[in-house]
Protein chains: 2
Amino acid sequence: MTAASRPATILEVAHLAGVSKTSVSRYYSGERERLSATMQERISAAAEQVGYHPNPLARSLKGGPSGLVGMLVADIRNPFSVAIMHGLEQACRQAGLSLMVCNSDNDPDQERQQLAMMSSWRIEGLVVNAAGCHSDALRQFVTSGTPVVLLDRSLADVQVDEVGLDNTAAIDMAIDHLVAQGYSRLLYITEPPAQASSRQARLARFESRCAGQGLDATILCTELHDQQALDQRLRALAPVVSHARPAILCANGQVTLAVAHRMRALDLRSGEIGLIGIDELDWCGLTEPGITTLAQPTDAIGQAAIDCLRTRQHDRSADRQYRAFAPQLIQRGSTQPPASH
Amino acid sequence: MTAASRPATILEVAHLAGVSKTSVSRYYSGERERLSATMQERISAAAEQVGYHPNPLARSLKGGPSGLVGMLVADIRNPFSVAIMHGLEQACRQAGLSLMVCNSDNDPDQERQQLAMMSSWRIEGLVVNAAGCHSDALRQFVTSGTPVVLLDRSLADVQVDEVGLDNTAAIDMAIDHLVAQGYSRLLYITEPPAQASSRQARLARFESRCAGQGLDATILCTELHDQQALDQRLRALAPVVSHARPAILCANGQVTLAVAHRMRALDLRSGEIGLIGIDELDWCGLTEPGITTLAQPTDAIGQAAIDCLRTRQHDRSADRQYRAFAPQLIQRGSTQPPASH
DNA sequence: TTGTACGCGTTATCAA
DNA sequence: TTGATAACGCGTACAA
């Protein structure tokens with residue numbers, strides 16, 4: 001491969017190999033079988049010599065596959081989003097795809113713009129992990145033949161594939177664990193569900209499950225920057241009576257972080273007050289006595305999202321997929337009540 | 001804006017506006033002044049009506065600016081990288097650019113491939129935050145006219161712009177703080193510097209500064225998964241004698257995390273043993289008694305990187321830039337020695 | 001000031 | 001099995 005200031009084109013390869021550019025194109029478009037053995041060799045050799053790689057720009061301008069996958073995230077700094085992104089990126093790489101990441105910083109206007117931008121880049125597939133998502137914009141993608149996968153979200157008015165946590169299993173697992181550990185007064189803390197379906201699903205399951213088991217359960221639904229709301233409920237939880245230990249279930253990693261902060265500020269000891277959170281975080285083993293979590297298999301989720309895209313690409317009318325992954329319990333001290341009496 | 005199954009082209013706008021496509025092209029290529037007022041209005045109206053957006057594919061195929069910026073990261077899960085990515089993304093958005101993120105997972109082969117891929121997408125600029133970076137590949141970008149910015153790294157054999165932390169200032173700030181707080185036996189913990197110039201710079205400054213001040217300083221240079229090495233040195237540090245308090249300086253966030261884990265496992269109390277780390281992390285206020293850090297202005301760094309790219313784009317032979325940002329001390333309990341006597 | 005014609009690198013449609 | 005030719009959407013000489 002000779003280093004060229006300008007990348008080699010299909011034409012140069014064709015000339016060097018003494019064949020037409022059509023043949024070279026065929027060689028790279030998965031129609032090698034239709035070429036004679038000699039031709040295949042000559043093309044391969046010529047391409048090697050000039051260091052040829054098909055130009056994805058020209059390819060997708062012509063309407064071919066772009067090899068680009070778009071990801072729309074509401075908050076790129078959310079560790080969960082990062083973990084998923086890692087999974088996606090890995091899967092893309094394996095599939096020879098490139099990933100275009102767009103962060104909307106929770107701004108619907110940005111989202112619109114980002115979607116338009118990705119559309120103009122003719123992405124082959126779109127993975128969405130954003131809340132206030134414009135159904136109409138998404139539908140545009142779908143109708144124009146671009147597969148869309150919703151991550152950890154679902155939208156009532158747009159029918160696309162969905163991948164995420166098995167929220168029911170997660171909530172059940174959390175409650176079962178808390179109960180088994182001797183906690184019976186449960187407080188569920190979540191950000192306002194609003195558009196985020198997974199928040200809704202988790203909340204709903206928590207309510208019905210607790211009702212079913214006759215547990216003493218309450219719910220705090222608040223923005224995380226609202227310290228007052230948080231502090232008030234945490235304090236109310238504090239009087240620990242041995243026959244009805246209280247515990248907190250955090251709906252996601254951001255909540256866990258906020259709660260851990262406030263508990264420390266209020267000098268509440270986890271363990272005494274049970275604490276379990278959905279989403280595993282780097283530091284959960286660090287705080288005394290460690291925070292029990294339900295880890296999501298983020299790499300698998302990312303992989304599944306890409307799988308969905310590719311499946312639908314090959315069969316545009318495939319059945320709508322809904323893949324839910326079970327979490328893994330990582331038990332730490334925060335759900336270990338101190339020996340009583 | 002009417003929803004169209006196929007995106008509008010420049011030609012449709014031209015027809016609708018009753019002008020030539022050349023004029024429409026000019027309108028979108030920053031030559032509006034050369035068009036008559038009436039024409040500008042007609043074009044604007046027509047474009048609005050059909051929802052026209054210039055096709056970046058066609059634009060860059062022709063050799064024009066692609067509006068794409070590439071980012072190569074060695075470890076997408078590193079919180080520092082994420083923070084920088086956020087800054088980059090923000091800056092890109094403001095500048096109307098799109099960001100293509102490539103993660104190499106610390107694999108040089110992947111890096112090569114990713115670089116080739118970005119090159120084939122005709123990125124307008126490249127931001128690199130990766131260690132074992134192939135200088136030759138980078139030089140290819142530079143010679144082909146694509147600006148390259150090195151993030152938190154520098155390469156001896158390739159002359160490109162660099163943006164990152166002011167390592168000297170950071171180390172000085174950390175040492176000054178530790179000394180002011182009454183610590184005098186310093187242990188610097190870092191991952192092997194190898195290719196990473198910022199690690200080298202920090203380490204070198206630590207050595208020279210401590211030598212200059214006659215401080216009792218030692219260095220541990222280890223892979224973070226090597227628990228033994230870590231534990232051994234931490235234990236050796238433990239005997240706290242009041243006239244020579246020990247303190248640890250962590251070279252970056254990953255080190256801080258590892259050290260915090262091991263200190264907890266060994267039941268070493270920070271504060272008694274001083275602890276300060278470069279890079280601010282979500283959870284540093286959570287562990288008892290909180291970890292003092294030097295926060296990098298990551299958004300500013302991201303912004304600066306994009307600025308560099310754009311500057312060089314307009315003046316390819318501009319002076320090589322080297323922008324170093326000072327960190328901010330965030331003081332917490334880990335550098336607050338307990339009252340003695 | 002505005003329009004015509006060509007080329008960017010590729011693929012699809014033909015005809016050989 | 002191969003090759004010539006026309007798009008894809010845009011920028012830009014050049015001519016008007």
Next on the checklist: So which atom in Ala304(B) and which in Val163(B) form the shortest heavy-atom distance, rounded to 0.1 Å?
Outcome noted: CB-CG1, 4.0 Å
Checklist entry - Who passes ring-ring contact (aromatic ring centres under 6.0 Å, His included) against Tyr52(B), sequence neighbours left out? => result Tyr28(B)
Item to check | Working for side chain to side chain contact (heavy atoms under 4.5 Å, CB included), residues Ile43(B) and Leu35(B) | outcome: CA-CA 10 Å; Ile43(B) 293 177; Leu35(B) 300 179; 4.2 Å; yes
Checklist entry - If you measure from CG on Asn103(A) to CD on Glu111(A), what distance do you get to the nearest 0.5 Å? => result 10.0 Å
Next on the checklist: To the closest 0.5 Å, what do you measure between CG (Leu72(B)) and CE (Met117(B))?
Outcome noted: 13.0 Å
Checklist entry - Under the side chain to side chain contact (heavy atoms under 4.5 Å, CB included) test, which residues partner Ala45(A), sequence neighbours left out? => result none
Next on the checklist: Within residues 22-37 of chain A, which residues have any heavy atom lying less than 4.0 Å from an atom of DNA chain C?
Outcome noted: Thr22(A), Ser25(A), Ser29(A)
Item to check | Residues forming a side chain to side chain contact (heavy atoms under 4.5 Å, CB included) with Pro108(A), sequence neighbours excluded | outcome: His134(A)
Next on the checklist: What residues from residues 58-65 of chain A pass a heavy-atom cutoff of under 4.0 Å to DNA chain D?
Outcome noted: Leu61(A), Lys62(A)
Checklist outcome for this item: DNA chain D: first to last nucleotide in contact with chain A (atom under 4.0 angstrom from a heavy atom), 5' to 3', is dT1(D) to dG9(D)
Checklist entry - Going through the checks in order, is the salt bridge (charged side-chain N to carboxylate O under 4.0 Å, His left out) test met by Arg310(A) and Glu124(A)? => result CA-CA 9 Å; Arg310(A) 312 204 83 198; Glu124(A) 264 182 71; 5.9 Å; no
Item to check | Those residues that, when tested against Gln40(B), pass side-chain hydrogen bond (donor to acceptor under 3.5 Å, both in side chains) (two or more places apart) | outcome: none
Next on the checklist: Can you tell me if Glu31(A) has over 12 outside heavy atoms packed within less than 6.0 Å of its CD?
Outcome noted: yes
Next on the checklist: Can you list everything that forms a side chain to side chain contact (heavy atoms under 4.5 Å, CB included) with Gln90(B)? Sequence neighbours excluded, please.
Outcome noted: Asp105(A), His86(B), Arg93(B), Asp299(B)
Item to check | N/O donor-acceptor pair under 3.5 Å between Ser25(B) side chain and Lys21(B) backbone | outcome: no
Checklist entry - Is the count of non-hydrogen atoms from other residues, nucleotides or ligands lying under 6.0 Å from Asp319(A) atom CG greater than 12? => result no
Checklist entry - If we fit an axis to the first five pairs and another to the last five of the helix from dT1(C)-dA16(D) to dA16(C)-dT1(D), what angle do they make, to the nearest 10°? => result 40°
Checklist entry - Among all residues two or more places apart in sequence or in another chain, which pass the side chain to side chain contact (heavy atoms under 4.5 Å, CB included) test with Arg312(B)? => result Pro147(B), Asp161(B), Ala318(B)
Next on the checklist: Holding to ring-ring contact (aromatic ring centres under 6.0 Å, His included), I want the full list of residues that pass it with Phe141(A), two or more places apart in sequence or in another chain.
Outcome noted: none
Item to check | Nucleotide range of DNA chain C lying under 4.0 Å from chain A heavy atoms | outcome: dG9(C) to dA12(C)
